[in-house]
Engineer: 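The structure under discussion is supplied below as structure tokens; questions concerning it will follow.
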Amino acid sequence: MRNIILFGAPGAGKGTQSAIIREKFDFAYISTGEILREEIKNGTELGKQAEVLINKGELVSDEIIIGMIQSFIEANNNKDLLLDGFPRTVKQAESLDKILSSFNRGEAKVIELEVDKDVLMQRLLNRAKIEGRKDDNEQTIKERFNQYDKKTAAVADYYKQKNSYISIDGQHGTPAEISVKLITVIENL
């Protein structure tokens, strides 16, 4: 079973590429961002807690996210997995390793979409206009980049040390051209 983590800074194109990958492959897919936005929209207790953190550009607690991921993997243990937005910390990566091991799934592979920060900022500001996302304003985006640099970038190093990391250019080319590179990588895993 393949366990693929689509990785990259906010605005790198993970959501766009995940949709393309899901059309090509039969992956069980989870986006922690989508789940949290759905909880916020529905006004659940988790959604209310998450909204406060997200609107400040902060990350939701490891315990909440890890619990969601474990339930998802358990429910989809017979399928290849595509994870978007998880893990975001080394602690989450270590927890994912334990969860995958407990289900005898093997190791996760990280595929990072590399994009320059100035390009990311423009993408996120454009997305805010198109989708009306409150969490995509310049101040919040800068804080998300700060959180990414402080906590999430270390996840790439964690997987590099395990030889489970692949980087592709997520900046140059159309989404379709980038997806061709991504699909080629996945087919060779």
Engineer: Enter the distance from Ile30:CD1 to Ile65:CD1 here, rounded to the nearest 0.5 Å.
Structural biologist: 8.5 Å
Engineer: Below 4.5 Å, heavy atoms only, C-beta onward: do Asp169 and His172 meet side chain to side chain?
Structural biologist: yes
Engineer: Mind checking the CG-CZ spacing from Asn78 to Arg105? Nearest 0.5 Å is all I need.
Structural biologist: 8.0 Å
Engineer: Which atom pair, heavy atoms only, marks the closest approach of Glu112 to Ala156?
Structural biologist: OE1-CB, 4.0 Å
Engineer: Could you grab the distance from atom CG of Leu96 to atom NZ of Lys98, nearest 0.5 Å is fine?
Structural biologist: 11.5 Å
Engineer: Begin from the C-alpha positions of Glu177 and Lys181 and carry the test salt bridge (Lys or Arg N to Asp or Glu O under 4.0 Å) through to its verdict.
Structural biologist: CA-CA 7 Å; Glu177 290 168 337; Lys181 293 184 261 184; over 6 Å; no
Engineer: Evaluate the side-chain proximity of Leu182 to Ile168: yes if any heavy-atom separation is below 4.5 Å, no if none is.
Structural biologist: yes
Engineer: By the side-chain hydrogen bond (donor to acceptor under 3.5 Å, both in side chains) test, which pairs, at least two apart or in different chains, include something from residues 153-164?
Structural biologist: Asp97-Tyr158, Asp97-Lys162, Glu107-Ser164
Engineer: How would you list, by chain and number, every residue that makes a salt bridge (Lys or Arg N to Asp or Glu O under 4.0 Å) with Lys91, sequence neighbours excluded?
Structural biologist: Glu63
Engineer: Let me know which of Asn3, Ile69, Thr32 forms a side chain to side chain contact (heavy atoms under 4.5 Å, CB included) with Leu83.
Structural biologist: Ile69
Engineer: Might you point out which heavy atoms bring Leu100 and Gly106 nearest each other, and give the distance in Å?
Structural biologist: CB-O, 3.5 Å
Engineer: Under the rule for salt bridge (Lys or Arg N to Asp or Glu O under 4.0 Å), what residues qualify as partners of Glu94, not counting sequence neighbours?
Structural biologist: none
Engineer: Decide yes or no for Ile66 and Gln92: does some side-chain heavy atom of the first lie under 4.5 Å from some side-chain heavy atom of the second?
Structural biologist: yes
Engineer: Report yes if the side chains of Ile20 and Glu23 come closer than 4.5 Å at any heavy-atom pair, otherwise no.
Structural biologist: no
Engineer: Can you list the residues that meet the salt bridge (Lys or Arg N to Asp or Glu O under 4.0 Å) rule with Asp149, with sequence neighbours excluded?
Structural biologist: Lys117
Engineer: Given side-chain contact (heavy atoms from CB on, under 4.5 Å), test Ile4 with Val110 step by step and report yes or no.
Structural biologist: CA-CA 6 Å; Ile4 296 175; Val110 169; over 6 Å; no
Engineer: Decide side-chain contact (heavy atoms from CB on, under 4.5 Å) for Leu6 and Phe86; before the verdict, give the C-alpha distance in whole Å, the side-chain angles of both, and the deciding distance to 0.1 Å.
Structural biologist: CA-CA 8 Å; Leu6 194 54; Phe86 183 88; over 6 Å; no
Engineer: Could you go step by step and tell me if Thr44 and Glu39 meet the side-chain hydrogen bond (donor to acceptor under 3.5 Å, both in side chains) rule?
Structural biologist: CA-CA 6 Å; Thr44 67; Glu39 296 285 333; 2.6 Å; yes
Engineer: Decide side-chain contact (heavy atoms from CB on, under 4.5 Å) for Leu125 and Lys129; before the verdict, give the C-alpha distance in whole Å, the side-chain angles of both, and the deciding distance to 0.1 Å.
Structural biologist: CA-CA 7 Å; Leu125 292 172; Lys129 290 176 191 170; 5.6 Å; no
Engineer: Please name the pair of heavy atoms, one in Leu81 and one in Asn76, separated by the smallest distance, quoted to 0.1 Å.
Structural biologist: CD2-O, 4.0 Å
Engineer: Between Gln139 and Lys142, is the side-chain contact (heavy atoms from CB on, under 4.5 Å) condition met? List the steps.
Structural biologist: CA-CA 5 Å; Gln139 181 180 344; Lys142 286 180 181 176; 5.9 Å; no
Engineer: Quiz question: by atom type and distance under 3.5 Å, do the side chains of Glu74 and Gln70 form a donor-acceptor pair?
Structural biologist: no
Engineer: Under the rule for ring pair (Phe, Tyr, Trp, His ring centres under 6.0 Å), what residues qualify as partners of Phe27, not counting sequence neighbours?
Structural biologist: Phe25
Engineer: Out of curiosity, Met68 CE to Ile64 CD1, how far, rounded to the nearest 0.5 Å?
Structural biologist: 8.5 Å
Engineer: Can you get from Ile166 to Met1 by hopping between Ile, Leu, Val, Met, Phe, Trp and Tyr side chains that sit under 4.5 Å apart?
Structural biologist: no
Engineer: Determine, using the 4.5 Å side-chain heavy-atom cutoff (strictly less than), whether Leu113 and Tyr165 are members of one ILVMFWY cluster.
Structural biologist: no
Engineer: Search all heavy atoms of Leu120 against all heavy atoms of Pro10 and return the closest pair with its distance.
Structural biologist: CD2-O, 3.4 Å
Engineer: Could you check whether any side-chain heavy atom of Lys41 comes within less than 4.5 Å of a side-chain heavy atom of Glu38, counting everything from C-beta outward?
Structural biologist: yes
Engineer: Quick one: does Lys109's side chain have a donor or acceptor within less than 3.5 Å of a partner on Ile186's backbone?
Structural biologist: no
Engineer: To check you understand the geometry: which heavy-atom pair defines the closest contact between Ser18 and Asp84, and what is its length?
Structural biologist: OG-OD2, 3.6 Å
Engineer: Just to verify, what does Arg123 make a side chain to side chain contact (heavy atoms under 4.5 Å, CB included) with, not counting sequence neighbours?
Structural biologist: Val115, Val119
Engineer: Indicate, with yes or no, if Ile5 and Val155 share a hydrophobic cluster defined by side-chain heavy-atom contacts under 4.5 Å among Ile, Leu, Val, Met, Phe, Trp and Tyr.
Structural biologist: yes
Engineer: Hey, could you give me the CG/CD distance between Asn126 and Glu131, rounded to the nearest 0.5 Å?
Structural biologist: 11.0 Å
Engineer: Closest heavy-atom contact between Ser167 and Glu114?
Structural biologist: OG-CG, 2.9 Å
Engineer: Would Ile73 end up clustered with Leu82 when hydrophobic side chains under 4.5 Å apart are linked, directly or stepwise?
Structural biologist: no
Engineer: Does the side chain of Met121 come within less than 4.5 Å of Glu138's, by heavy atoms?
Structural biologist: yes
Engineer: Taking the side chain as every heavy atom from C-beta outward, state whether Tyr29 and Glu34 have any pair of such atoms under 4.5 Å apart.
Structural biologist: yes
Engineer: Hey, what do you get for CD (Glu58) to NZ (Lys151), rounding to the nearest 0.5 Å?
Structural biologist: 7.0 Å
Engineer: According to a hydrophobic-cluster definition based on side-chain heavy atoms being under 4.5 Å apart (Ile, Leu, Val, Met, Phe, Trp, Tyr only), do Ile141 and Val60 belong together?
Structural biologist: no
